[in-house]
Trainee: 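This structure is in structure tokens; I'll ask about it shortly.
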Amino acid sequence: MATQAAIAWEANKPLSIEDVQVAPPQAGEVRIQILFTALCHTDAYTWSGKDPEGLFPCILGHEAAGIVESVGKGVTEVKPGDHVIPCYQAECRECKFCKSGKTNLCGKVRAATGVGVMMTDRKSRFSVNGTPIYHFMGTSTFSQYTVVHDVSVAKIDLNAPLEKVCLLGCGVPTGLGAVWNTAKVEPGSIVAVFGLGTVGLAVAEGAKSAGASRIIGVDIDSNKFDIVERAFPSVFLLTSDKDVCLADNVSAKNFGVTEFVNPKDHDKPIQQVIVDLTDGGVDYSFECIGNVSVMRAALECCHKGWGTSVIVGVAASGQEISTRPFQLVTGRVWKGTAFGGFKSRSQVPWLVEKYMKKEIKVDEYITHNLTLAEINKAFDLMHERGCLRCVLKMHT
Ligand SMILES: NC(=O)c1ccc[n+]([C@@H]2O[C@H](COP(=O)([O-])OP(=O)(O)OC[C@H]3O[C@@H](n4cnc5c(N)ncnc54)[C@H](O)[C@@H]3O)[C@@H](O)[C@H]2O)c1
Ligand SMILES: N[C@@H](CCC(=O)N[C@@H](CSCO)C(=O)NCC(=O)O)C(=O)O
Ligand SMILES: [Zn+2]
Ligand SMILES: [Zn+2]
């Protein structure tokens with residue numbers, strides 16, 4: 001079929017909306033009409049050329065929702081008309097990873113999705129004037145129609161608003177799951193969150209619901225503090241002239257961040273600032289930026305003996321983490337998470353239900369709504385004040 005998609009022809013070159021041919025789904029594949037997609041920082045990362053798996057030309061995008069248009073042979077779990085969320089982390093339920101009970105990673109299609117092709121024939125289903133266009137993360141949601149592996153499709157409630165639940169394809173579950181599945185934060189814990197974008201704020205929300213007693217938000221952009229205040233006006237009473245801004249009565253309210261720290265306001269290293277604020281360090285920290293220096297700070301602000309730091313942010317090719325091994329010898333633990341440890345096909349529908357029951361937030365993370373034609377503006381917005389998630393309407 002002929003449709004429209006945003007093509008990334010080269011790293012960092014503006015995306016171009018073009019007529020694209022999308023081939024029919026082959027065995028074990030599903031063609032989806034994408035209705036809404038959001039932009040995640042990881043799309044910008046791959047577009048920047050710093051992703052070792054980034055291939056061009058490609059169709060980026062991995063946080064979306066849509067409707068099944070057609071299915072290939074052997075596909076039994078979804079049918080045309082089903083509402084779905086494409087999942088960059090597959091779940092086949094049969095591979096060594098899926099059966100391990102120890103991870104949400106799945107091995108079935110990862111080798112193909114890492115090189116931008118479909119598993120069956122190692123080819124792309126996208127082309128422009130005969131030129132193949134690579135898939136991205138097995139999802140490629142910046143297209144009005146995409147083809148994905150059946151193990152990468154979560155079927156969701158037909159009543160769920162697709163313009164909202166598209167966010168459950170990446171950022172919000174990643175933050176919530178980092179707390180609930182990876183760190184397993186206990187009630188009363190002290191938590192530090194580095195980076196208050198969508199992922200970091202979802203960490204804060206998860207920590208709040210897990211019963212954390214203090215949630216320290218760290219960001220170099222004080223506008224992020226304002227976003228939280230605007231989204232939850234009854235919660236926050238910021239005292240902006242202090243080093244640390246305390247939110248008022250936060251335990252009674254619903255978002256989570258109880259204290260804000262801007263490293264730029266301090267001469268000391270940020271890990272020292274946090275250790276001093278917390279009588280020796282936090283129980284759990286989360287790096288939601290993708291900066292290896294901050295990853296070190298996040299580990300080193302953890303309490304001796306038990307503090308656990310979870311790496312969520314994605315760092316560029318060639319970047320490496322370091323710390324004194326003594327930090328680990330003395331009981332700190334370094335972990336990482338992909339998609340918050342959630343098993344995608346099994347648990348994304350459950351997250352949608354939690355949203356429908358108002359048990360988790362989604363709407364609050366959507367700060368902008370644009371169309372596919374405005375996708376370059378949407379990428380620009382990511383760097384501007386006040387932006388968490390921008391949702392694109394794909395068909396206008
Ligand atoms: N592991 C996963 O499964 C997974 C899933 C989604 C996103 N990610 C990654 O998580 C990270 C966050 O994603 P996002 O969409 O929320 O990004 P974002 O750009 O919206 O948020 C990042 C935040 O970090 C802040 N920041 C930047 N440098 C900082 C510094 N030195 N100290 C303190 N704060 C700083 C920014 O001001 C911003 O508020 C990205 O690296 C993304 O690629 C990982
Ligand atoms: N190709 C990248 C991998 C980046 C990465 O770690 N991706 C996360 C999801 S980020 C979503 O916004 C992930 O799930 N990783 C596990 C996996 O890819 O299987 C790089 O090499 O840097
Ligand atoms: Zn993402
Ligand atoms: Zn599997």
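Numbering of ligands and ligand atoms starts at 1, following listing order. Everything numeric here is computed off the predicted structure, so don't read it as measured data. The first residue in the sequence is number 1, and the count goes up from there. Values below: all heavy atoms of this structure, side chains included; hydrogens, waters and symmetry mates excluded.
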Trainee: Geometry only, no angles: is Phe194 polar-contacting ligand 1 at N/O separations under 3.5 Å?
Mentor: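 No; the residue has no nitrogen or oxygen that sits under 3.5 Å from a nitrogen or oxygen of the ligand.
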
Trainee: Out of all atoms in ligand 2, which are within 4.0 Å of some heavy atom of Cys170? Include the element for each.
Mentor: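 Per the distance check, 11 (C), 12 (O).
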
Trainee: Would Arg296 and Glu300 count as a salt bridge (charged side-chain N to carboxylate O under 4.0 Å, His left out) here? Give the steps.
Mentor: CA-CA 6 Å; Arg296 178 175 193 151; Glu300 295 180 357; 2.8 Å; yes

Trainee: Would you please name every residue forming a ring pair (Phe, Tyr, Trp, His ring centres under 6.0 Å) with His135, sequence neighbours left out?
Mentor: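 Per chain and number, His135 pairs via ring pair (Phe, Tyr, Trp, His ring centres under 6.0 Å) with Phe126.
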
Trainee: State, without any angle test, whether Trp47 and Asn12 hold a side-chain donor-acceptor pair at a distance under 3.5 Å.
Mentor: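 Distance-only check fails for Trp47 and Asn12.
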
Trainee: Among all protein heavy atoms, pick out the one at the shortest distance from atom 31 (N) of ligand 1; state its residue, atom name and that distance to 0.1 Å.
Mentor: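 I find the closest protein heavy atom is Val294 CG2, 3.6 Å.
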
Trainee: Check if His41 has a non-hydrogen atom at a distance under 4.0 Å from any atom of ligand 2.
Mentor: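 It does not; every heavy atom stays at 4.0 Å or beyond.
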
Trainee: If you look only at pairs with a residue in residues 139-162, which of them pass as a salt bridge (Lys or Arg N to Asp or Glu O under 4.0 Å), with sequence neighbours excluded?
Mentor: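 As it turns out, the salt bridge (Lys or Arg N to Asp or Glu O under 4.0 Å) pairs with a partner in residues 139-162, which skip direct neighbours, are Asp82-Lys155.
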
Trainee: Quick test: of every protein heavy atom, which one is nearest to atom 16 (O) of ligand 1, and how far off is it to 0.1 Å?
Mentor: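 Minimum-distance protein heavy atom for atom 16 (O) of ligand 1 reads Val199 N, 3.1 Å.
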
Trainee: Below a 4.0 angstrom heavy-atom separation, can you tell me which part of Glu63, side chain or backbone, both or neither, approaches ligand 1?
Mentor: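 Looking at Glu63 and ligand 1, no heavy atom falls under 4.0 Å.
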
Trainee: Can you check the number of protein N/O/S atoms within less than 2.8 Å of the Zn ion (ligand 3)?
Mentor: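 Total protein N/O/S atoms under 2.8 Å from the Zn ion (ligand 3): 3.
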
Trainee: Number the atoms of ligand 2 from 1 as they appear, then name those within less than 4.0 Å of a heavy atom of Met137, with their elements.
Mentor: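 Going through ligand 2 atom by atom, the ones under 4.0 Å from Met137 are 11 (C).
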
Trainee: Please work out, at 4.0 Å between heavy atoms, whether the side chain, the backbone, both, or neither of Tyr88 comes within that distance of ligand 1.
Mentor: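 The answer is the side chain of Tyr88.
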
Trainee: Can you tell me the protein heavy atom closest to atom 3 (O) of ligand 1 and the distance?
Mentor: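 Its nearest protein heavy-atom neighbour is Phe339 N, 2.8 Å.
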
Trainee: Below 3.5 angstrom, do we get any N/O pair linking Ile289 and ligand 1?
Mentor: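 Looking only at distances, the answer is yes, because the N/O contact criterion of under 3.5 Å is met.
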
Trainee: Geometry only, no angles: is Asp221 polar-contacting ligand 1 at N/O separations under 3.5 Å?
Mentor: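 N/O-N/O distance under 3.5 Å: no.
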
Trainee: Specify side chain, backbone, both or neither for Cys170, according to which of its non-hydrogen atoms lie closer than 4.0 Å to ligand 1.
Mentor: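 Looking at Cys170 and ligand 1, just side chain atoms fall under 4.0 Å.
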
Trainee: Out of Thr174, Thr337, Thr46, Thr42, whose heavy atom is nearest to atom 1 (N) of ligand 1?
Mentor: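 Minimum heavy-atom distance to atom 1 (N) of ligand 1 goes to Thr337.
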
Trainee: Give the residue, atom name and distance (to 0.1 Å) of the protein heavy atom nearest atom 12 (O) of ligand 2.
Mentor: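 Scanning the protein heavy atoms, the shortest distance from atom 12 (O) of ligand 2 goes to Thr42 OG1, 2.5 Å.
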
Trainee: To the nearest 0.1 Å, how far is atom 44 (C) of ligand 1 from its closest protein heavy atom, and which atom is that?
Mentor: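 Looking only at protein heavy atoms, the one closest to atom 44 (C) of ligand 1 is Val312 O, 3.0 Å.
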
Trainee: What protein heavy atom lies closest to atom 9 (C) of ligand 2? Include the residue and the distance to one decimal.
Mentor: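 Nearest neighbour among protein heavy atoms for atom 9 (C) of ligand 2, to 0.1 Å: Tyr88 CE1, 3.5 Å.
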
Trainee: Among all protein heavy atoms, pick out the one at the shortest distance from atom 21 (O) of ligand 1; state its residue, atom name and that distance to 0.1 Å.
Mentor: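 Heavy-atom neighbour on the protein nearest atom 21 (O) of ligand 1: Gly197 CA, 3.3 Å.
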
Trainee: Which protein non-hydrogen atom lies closest to atom 11 (C) of ligand 1, naming both residue and atom, and how far is it?
Mentor: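 I find the closest protein heavy atom is Cys288 O, 3.6 Å.
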
Trainee: Show me which atoms of ligand 2 lie under 4.0 Å from any heavy atom of Gln89.
Mentor: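 Every atom of ligand 2 under 4.0 Å from some heavy atom of Gln89: 14 (O), 16 (C), 17 (C), 19 (O).
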
Trainee: Any idea which protein heavy atom is nearest atom 14 (P) of ligand 1, and the distance to it?
Mentor: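 Answer, as residue, atom name and distance: His41 CB, 3.7 Å.
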
Trainee: Return the set of residues passing ring pair (Phe, Tyr, Trp, His ring centres under 6.0 Å) with Trp9 (not counting sequence neighbours), or none when no residue passes.
Mentor: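 For Trp9 there are no ring pair (Phe, Tyr, Trp, His ring centres under 6.0 Å) partners, ignoring immediate neighbours.
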
Trainee: Number the atoms of ligand 2 from 1 as they appear, then name those within less than 4.0 Å of a heavy atom of Cys40, with their elements.
Mentor: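 So the answer, numbered in order with elements, is 12 (O).
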
Trainee: Do any nitrogen or oxygen atoms of His62 lie less than 3.5 angstrom from nitrogen or oxygen atoms of ligand 2?
Mentor: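 N/O-N/O distance below 3.5 Å exists for this pair.
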
Trainee: For atom 37 (O) of ligand 1, grab the closest protein heavy atom and report residue, atom and distance to one decimal in Å.
Mentor: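 Looking at atom 37 (O) of ligand 1, the protein heavy atom closest to it is Asp219 OD1, 2.7 Å.
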
